[in-house]
Amino acid sequence: ETVCYKGAMVSCVSGRQVTRSSRETSYGRSIYTALIKASAYKTTSEEDKERLLSIAKYYYECNKDSQDFSVSVPLYMIEYSQKAMSSRSVKAREDYIVTKIFPQMDRVVVHGENYGAAVAVSSNRIAKYESINNENMSGWYLGDGTLYIYSDDLEQFGADFWDNVDWYMLPGTTVTRAMRRSDNCGTYFNPSDFAGGVSVGEYGAAAIQIAPFTSAVQGENFSSTLSAKKAYFFFDNEIVTLGTDISCTDPAEVITVIENRLYEGTDKVMINGRQVIIKKNTESTHDRVRTLHFTGLGGYYFPTGADINSHLKSGNANMLRFWVSHGTGSVQDGSYECVYLPNMTSDETEKYGESPEIKILANNAGVQAVSDSSSGAAGYIFWNAGSVNGVEASDACAVMTHQESKKSFKVAVSDPTQTADTVTVNVTLPENGMTVSSQSDNITVSVNGNTASITVDLSAHYGWSYEVVFGK
């Protein structure tokens with residue numbers, strides 16, 4: 001359920017199958033079929049049947065304008081499926097709002113209020129990509145922080161995308177443009193152990209450390225000196241991406257890909273509130289960009305301004321891409337800040353740029369942190385011991401806080417490295433006199449005035465999020 005957004009199975013859990021001539025909704029139809037079959041079992045309770053059909057109807061209704069999920073079942077179940085979808089007694093479930101961290105497979109999936117998203121990271125535990133049987137032979141950077149953003153277009157990451165995408169420019173990644181060799185069974189690990197995230201309800205944060213590596217798989221003999229610290233923060237209306245400590249001594253250009261999407265000829269591109277014509281098959285540079293918008297996805301806001309490069313690749317399907325260049329030959333202390341505003345109109349994007357709801361609290365080699373005023377949530381990626389905005393960590397960890405009201409404050413902590421035995425996080429509470437309402441079993445908490453000291457037993461090394469709730 002979590003890895004299926006409105007009936008589309010997110011690509012980051014499909015492995016090498018992304019290069020097959022299928023769509024995310026094709027896998028979603030298979031899930032729909034499984035839900036219908038399970039609901040019809042004689043051993044299925046009425047309560048479970050109601051829930052299964054509710055999810056199935058939600059997927060059906062999300063896609064009914066483009067395809068009919070009800071006929072994806074075996075022939076002998078079509079009547080049962082169609083009757084269930086047309087029945088007034090079967091209620092489609094409400095939108096599923098959650099941020100889910102999958103630490104055992106280095107994936108993050110978000111079902112937001114206005115968007116869906118997924119991030120694929122990698123570590124010394126999980127390989128960067130899967131390739132076998134001559135499939136996905138150029139997936140070198142799929143696990144380097146590829147960011148999938150889902151709007152109302154549930155076919156964005158279908159066969160047309162994977163058949164035409166530039167594999168050196170996957171959205172969300174920071175990479176070099178050095179040429180690689182496509183190889184069957186060519187895969188390798190990220191040498192870093194820092195990959196994962198933390199969530200509290202619908203809000204979350206994720207991170208990956210890109211580390212230098214050498215790939216000798218299938219005789220490729222490719223090496224890279226690129227290193228970077230990348231963080232992603234998920235709020236109600238925004239996705240905030242931060243990059244810092246970017247360095248590389250390779251002769252190739254280092255870039256961070258802001259976006260790479262299918263482009264319809266009628267889509268408009270707006271930069272700083274003005275329409276811009278992107279010429280086909282020509283790279284262009286746009287200076288001091290504060291806001292960017294194009295039809296079909298939404299807006300982008302760059303808090304410090306950015307010089308953005310663009311390219312519209314024509315082919316069987318047009319691909320529009322935007323990226324930031326960090327330089328060539330000797331890159332040191334590179335960084336970026338980008339706020340994605342899914343499904344916002346051009347006017348809404350401009351207004352947001354004038355009065356943003358997010359605040360970048362830190363973006364340096366020690367900590368990356370962002371707060372969101374509209375939701376009361378804030379995320380912190382501590383790459384080592386540090387302190388920012390009233391949150392102090394004794395060691396590397398990820399922290400998410402959410403002030404639901406004056407009487408409720410949540411804190412979640414995780415260890416993306418999955419190596420630490422314990423970590424202590426000190427947090428300034430929003431009100432004096434708050435006490436612990438609930439907590440995970442492996443958390444020890446002490447409160448002194450408006451300061452809470454939270455010690456988490458991480459010895460299980462699962463990378464899970466552990467939570468404590470303060471109330472008054």
Inset, instruction - Can you establish whether the number of heavy atoms outside Arg51 located under 6.0 Å from its atom CZ is more than 12? - result: no

Inset, instruction - May I have the step-by-step check of salt bridge (Lys or Arg N to Asp or Glu O under 4.0 Å) for Lys128 and Asp144, ending in yes or no? - result: CA-CA 7 Å; Lys128 287 175 177 276; Asp144 276 2; 2.5 Å; yes

Inset, instruction - Could you verify whether a donor N or O on one side chain and an acceptor N or O on the other, from Asn309 and Ser325, lie under 3.5 Å apart? - result: no

Legend entry - Salt bridge flag under 4.0 Å for residues Arg125 and Asp106: yes

Inset, instruction - Measure from NZ or CZ of Lys280 to the centre of the six-membered ring of Tyr263 and say whether it is under 6.0 Å with the direction within 45° of the ring axis. - result: no

Legend entry - Electrostatic pair Arg29-Glu24, nearest N-O below 4.0 angstrom: no

Legend entry - Spatial distance of atom OH (Tyr115) from atom CE (Met344) [nearest 0.5 Å]: 10.5 Å

Legend entry - Ser192 and Asn190: side chain donor to acceptor below 3.5 Å: no

Legend entry - salt bridge (Lys or Arg N to Asp or Glu O under 4.0 Å) between Arg177 and Glu283, intermediate numbers included: CA-CA 15 Å; Arg177 300 182 79 173; Glu283 288 192 9; 3.4 Å; yes

Inset, instruction - Can you spot which of Trp323, Tyr352, Tyr340 makes a ring-ring contact (aromatic ring centres under 6.0 Å, His included) with Tyr300? - result: Tyr340

Inset, instruction - Check the pair Asp166 / Lys313 against salt bridge (Lys or Arg N to Asp or Glu O under 4.0 Å), numbers first and verdict last. - result: CA-CA 9 Å; Asp166 183 340; Lys313 176 187 175 184; over 6 Å; no

Inset, instruction - Give the minimum heavy-atom separation between Ser11 and Tyr148, together with the two atoms involved. - result: CB-CE2, 3.7 Å

Legend entry - Passing option when Tyr188 is tested against Tyr141, Trp140, Phe213 for ring-ring contact (aromatic ring centres under 6.0 Å, His included): Phe213

Legend entry - Which atom of Met400 lies closest to which atom of Phe235, heavy atoms considered: CE-CE2, 3.8 Å

Legend entry - Residues Lys410, Glu404: salt bridge by 4.0 Å N-O rule: yes

Inset, instruction - Answer yes or no: is there a side-chain heavy-atom contact under 4.5 Å between Gln368 and Thr244? - result: yes

Inset, instruction - For the pair His111 and Tyr5, name the ring-plane relationship: parallel under 30°, tilted 30 to 60°, perpendicular over 60°. - result: tilted

Legend entry - Cation-pi geometry met for Arg93 and Tyr58 (6.0 Å, 45°): yes

Inset, instruction - For the residue pair Glu357 and Ser374, confirm or rule out a side-chain donor-acceptor distance under 3.5 Å. - result: yes

Inset, instruction - If the plane angle is over 60° it's perpendicular, under 30° parallel, otherwise tilted; pick one for Tyr150 and Phe157. - result: perpendicular

Inset, instruction - Verify the distance criterion only: is there a donor paired with an acceptor across the side chains of Thr176 and Glu253 at less than 3.5 Å? - result: no

Inset, instruction - Cation-pi check, Arg181 to Phe222: give yes when NZ or CZ is under 6.0 Å from the six-membered ring centre and within 45° of the ring axis, no otherwise. - result: no

Inset, instruction - Indicate yes or no: does Arg288 engage Asp307 in a salt bridge with an N to O separation below 4.0 Å. - result: no

